[in-house]
Student: 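One structure, as structure tokens, below. Some questions next.
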Amino acid sequence: DEAQITRQLLLSFDPEIEQRYLRRLSIIIELKQALAGNQQELSLAYQPKLNISANKIMSVEALIRWNSVKLGFVSPEDFIRIAEQAGFIENVTNWVINRAMDDGQLLLDAGIDVCIAINLSAHDVMNPELLPMVVSQLAERNLPRSLLSFEITESDVVKDPDKAIKHLTAFKDYGFTLAIDDFGTGYSSMAYLKNLPVDTLKVDKSFVLKLNTQVGDQNIVQTVLKLAKSFGMDVVAEGVENQETLAMLQRWDCEYAQGYHICKPIPVAALIEWYRSHINQNWLENT
Ligand code: C2E
Ligand code: MG
Ligand code: MG
Ligand code: MG
């Protein structure tokens, strides 16, 4: 049949394209199955964000993990994009939000008062059903709205700023705090940056990973800090991998830091343990 012919054509042309195509296809099939039934393949890892001046963890980011029986560990960088393109990112997002609420309850039960940041894709932000769904599920579970916040990547906002502003405003009106993720990689214009109803800019980790040694990155991060201040927004530096970078961010009055130096993304049980063992940690004691 036609599919067979296409396959053979591709194969004869370029086995690499054939491989990529098959990989994509199996990610779609396996991920749909994981979402439908084999839910033990999916999990969330949580990465704390440090409030630098308060020396305190007040929020964590939920990051999806997929350990597929068939495909092994698949990175969210790969499968999130594929789920978006294949039209079922909504199912992934619903799964993430549900699990985050389960885990949020565990954290509250453990006496940890925390806000969990959920990563949204462009499609989620434009989906008018998402917000009412989140609000009603929180109410059903008797959880406060302050349990969740949302991150949306800069490149998604840039695609259609006016529409994004409209939808993000709806999130704000429901009382959720918002962050622009991967800031600095999406060519935002000042004109609508000032109109974005967001509380926080997360400066992309590509500018932060080597902040302690790269003068160019230092200039960029300081510029983002000034920009954010003039718009009344806070800044999270993601990808903080060493103490010198953390100390630098403190000197520049950056509000939040997140990265392997503070804590890697970990499962909820480990997070509860981590909280207990880091309750008295002085993050800047040696600087
Ligand atoms: P992101 O939201 O910008 O998340 C930050 C990524 O940087 C995470 O990768 C995190 O593990 C990694 N990271 C954190 N600290 C450090 C560090 O100090 N050094 C380095 N080298 N990396 C660090 P991860 O978990 O692989 O996620 C990649 C991306 O996949 C996320 O980028 C986000 O865009 C997307 N993603 C993850 N989970 C979800 C989800 O539940 N929904 C959606 N829509 N996207 C998600
Ligand atoms: Mg994020
Ligand atoms: Mg990011
Ligand atoms: Mg990113």
Side-chain angles (χ1 to χ4, degrees), residues 27 31 34-35 39 41-50 57 59-67 73-104 115-127 130 134 148-157 177-186 188 198-212 217 221 224 235-246 249 256-268 270-271 283:
I27 285 180
L31 184 55
L35 286 162
Q39 300 213 345
E41 289 191 359
L42 294 167
S43 63
L44 291 181
Y46 295 92
Q47 187 177 36
K49 289 179 210 176
L50 173 69
I57 308 292
S59 57
V60 297
E61 177 177 8
L63 295 156
I64 194 167
R65 295 292 176 258
W66 180 27
N67 197 353
F73 181 82
V74 187
S75 163
E77 305 265 23
D78 296 333
F79 71 80
I80 290 290
R81 191 172 25 86
I82 291 174
E84 278 167 3
Q85 290 162 353
F88 65 100
I89 189 67
E90 204 176 323
N91 300 353
V92 178
T93 304
N94 288 348
W95 184 89
V96 169
I97 290 172
N98 259 291
R99 177 58 62 86
M101 289 186 198
D102 293 344
D103 291 344
C115 173
I116 301 174
I118 307 288
N119 287 285
L120 296 181
S121 78
H123 175 272
D124 297 318
V125 178
M126 306 306 176
N127 174 5
L130 179 72
V134 171
L148 300 182
S149 69
F150 297 93
E151 299 187 1
I152 166 172
T153 61
E154 186 187 20
S155 52
D156 286 338
V157 175
T177 61
L178 298 173
I180 298 299
D181 209 344
D182 303 339
F183 188 76
T185 61
S188 296
V198 304
D199 313 274
T200 308
L201 299 179
K202 289 190 83 171
V203 54
D204 192 69
K205 62 177 178 287
S206 60
F207 306 115
V208 179
L209 290 170
K210 295 181 180 145
L211 188 67
N212 56 320
D217 292 339
V221 171
V224 172
V235 172
V236 180
E238 64 173 21
V240 175
E241 291 195 350
N242 57 68
Q243 184 71 21
E244 301 83 71
T245 295
L246 181 57
L249 292 166
Y256 300 94
Q258 192 181 22
Y260 294 169
H261 176 66
I262 296 151
C263 186
K264 287 195 172 174
I266 49 177
V268 68
L271 182 70
W283 290 100

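Start at 1 and go down the list; that is how both ligands and their atoms are numbered.
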Student: Within the structure, is a non-hydrogen atom of Asp124 found at a distance of less than 4.0 Å from ligand 1?
Tutor: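 In this structure, Asp124 fails to qualify as a contact of ligand 1 - no heavy atom is under 4.0 Å.
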Student: Distance from Leu130 atom CG to Met126 atom CE, nearest 0.5 Å?
Tutor: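 The distance works out to 12.0 Å.
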Student: Considering Phe79, Phe183, Trp95, Tyr260, which one's heavy-atom position lies nearest to atom 12 (C) of ligand 1?
Tutor: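 Selected option, by shortest heavy-atom distance: Tyr260.
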Student: Indicate whether any N or O donor in one side chain lies under 3.5 Å from an N or O acceptor in the other, for Thr93 and Asp124.
Tutor: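 Distance-only check passes for Thr93 and Asp124.
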Student: Which atom pair, heavy atoms only, marks the closest approach of Gly184 to Glu154?
Tutor: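 Looking at all heavy atoms of both residues, the closest pair is N-OE1, 2.9 Å.
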Student: Which of the atoms in ligand 1, numbered in the order shown and given with their element, are less than 4.0 Å from a heavy-atom of Leu209?
Tutor: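 By the 4.0 Å cutoff, the relevant atoms are 19 (N), 20 (C), 21 (N).
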Student: Just so I know, are the side chains of Gln47 and Gln258 near enough to count as touching, which here means a heavy-atom distance under 4.5 Å?
Tutor: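 Result yes, sub-4.5 Å side-chain heavy-atom pair found.
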Student: What atoms of ligand 1 come within less than 4.0 Å of a heavy atom belonging to Pro265?
Tutor: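 Atoms satisfying the 4.0 Å criterion: 11 (O).
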Student: Does ligand 1 have a heavy atom under 4.0 Å from the side chain of Lys202, from its backbone, from both, or from neither?
Tutor: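 Answer for Lys202: neither.
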Student: Using heavy-atom distances, let me know which of Asn119, Leu63, Val92, Thr93 sits nearest atom 4 (O) of ligand 1.
Tutor: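 The nearest heavy atom belongs to Leu63.
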Student: If I take atom OH from residue Tyr260 and atom CD from residue Glu241, how far apart are they, to the nearest 0.5 angstrom?
Tutor: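 Output value for this atom pair is 7.0 Å.
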Student: Any atoms of ligand 1 less than 4.0 Å from a non-hydrogen atom of Asp181? List them with their elements.
Tutor: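 Those of ligand 1 that fall under 4.0 Å from Asp181 are 1 (P), 2 (O), 3 (O).
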Student: With heavy atoms of Val240 as the reference, note each atom of ligand 1 found under 4.0 Å away.
Tutor: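 By the 4.0 Å cutoff, the relevant atoms are 18 (O).
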Student: Any idea which part of Glu238 is under 4.0 Å from ligand 1, heavy-atom wise: side chain, backbone, both or neither?
Tutor: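 Near ligand 1, Glu238 shows its side chain, while the N, CA, C and O stay back.
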Student: Name whichever N, O or S atom of Glu61 ends up nearest to the Mg ion (ligand 2).
Tutor: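 Closest to the Mg ion (ligand 2) among those atoms: OE2.
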Student: Flag Glu151 as yes if one of its N/O/S atoms falls below 2.8 Å of the Mg ion (ligand 3), otherwise no.
Tutor: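 Not a single backbone or side-chain N, O or S atom of Glu151 is under 2.8 Å from the Mg ion (ligand 3).
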Student: What atoms in ligand 1 come closer than 4.0 Å to a heavy atom of Asp182?
Tutor: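 That gives atoms 3 (O) of ligand 1.
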Student: Between Leu44 and ligand 1, which residue portion shows a heavy-atom distance shorter than 4.0 Å: side chain, backbone, both, or neither?
Tutor: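 Looking at Leu44 and ligand 1, no heavy atom falls under 4.0 Å.
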Student: Any luck finding a side-chain donor-acceptor pair between Thr245 and Asn242 under 3.5 Å?
Tutor: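 Judged by distance alone, the side chains do pair up.
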Student: So between Glu241, Lys205, Lys264, whose heavy atom ends up nearest atom 21 (N) of ligand 1?
Tutor: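 When every heavy atom of Glu241, Lys205, Lys264 is considered, Glu241 comes closest to atom 21 (N) of ligand 1.
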Student: Within the structure, does Ser75 bring an N/O atom to less than 3.5 angstrom of an N/O atom in ligand 1?
Tutor: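 No, since none of the N or O atoms of Ser75 sits under 3.5 Å from an N or O of ligand 1.
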Student: Using a strict cut-off of 4.0 Å, indicate which atoms of ligand 1 neighbour a heavy atom of Val96.
Tutor: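 Listed by number with element, the hits are 41 (O).
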Student: Would you say Leu44 and Trp95 make side-chain contact, with heavy atoms under 4.5 Å?
Tutor: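 Counting from C-beta outward, Leu44 and Trp95 do come under 4.5 Å.
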Student: Kindly confirm or rule out an N or O of His261 lying under 3.5 angstrom from an N or O of ligand 1.
Tutor: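 Looking only at distances, the answer is no, because the N/O contact criterion of under 3.5 Å is not met.
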Student: For Gly259, take its heavy atoms, then give the atoms of ligand 1 lying under 4.0 Å from any of them.
Tutor: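 Counting from 1, the qualifying ligand atoms are 15 (N), 18 (O).
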Student: What heavy-atom pair brings Asp181 and Glu238 nearest, and what distance separates the two atoms?
Tutor: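 For Asp181 versus Glu238, the nearest heavy atoms are OD1-OE1, 3.4 Å.
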Student: Compute the shortest N/O to N/O distance between Thr153 and ligand 1 and return yes if it is under 3.5 Å, no if not.
Tutor: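 By distance alone, the answer is no.
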Student: Heavy atoms only: which of Gln47, Glu77, Arg65 lies closest to atom 29 (C) of ligand 1?
Tutor: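 Of the listed residues, Glu77 has the closest heavy atom.
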Student: Angle subtended at the Mg ion (ligand 3) by OD1 of Asp182 and OE1 of Glu238, to 10 degrees?
Tutor: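 OD1 of Asp182, the Mg ion (ligand 3) and OE1 of Glu238 span an angle of about 150°.
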Student: Applying a 4.0 Å heavy-atom criterion (strictly less than), which segment of Ile80 is in contact with ligand 1: side chain, backbone, both, or neither?
Tutor: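 Only the side chain of Ile80 comes within reach of ligand 1.
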Student: Counting backbone and side-chain atoms alike, does Asp181 have an N/O/S atom under 2.8 Å from the Mg ion (ligand 3)?
Tutor: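 So Asp181 counts as coordinating the Mg ion (ligand 3), yes.
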Student: The Mg ion (ligand 2) to Thr153: any N/O/S contact under 2.8 Å?
Tutor: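 No, since none of the N, O or S atoms of Thr153 sits under 2.8 Å from the Mg ion (ligand 2).
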Student: Out of curiosity, Glu151 CD to Thr200 OG1, how far, rounded to the nearest 0.5 Å?
Tutor: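 Between Glu151 CD and Thr200 OG1, I get 8.5 Å after rounding to 0.5 Å.
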Student: If you round to the nearest 0.5 Å, how far is OG of Ser155 from CZ of Phe183?
Tutor: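 With rounding to 0.5 Å, CZ (Phe183) is 12.0 Å from OG (Ser155).
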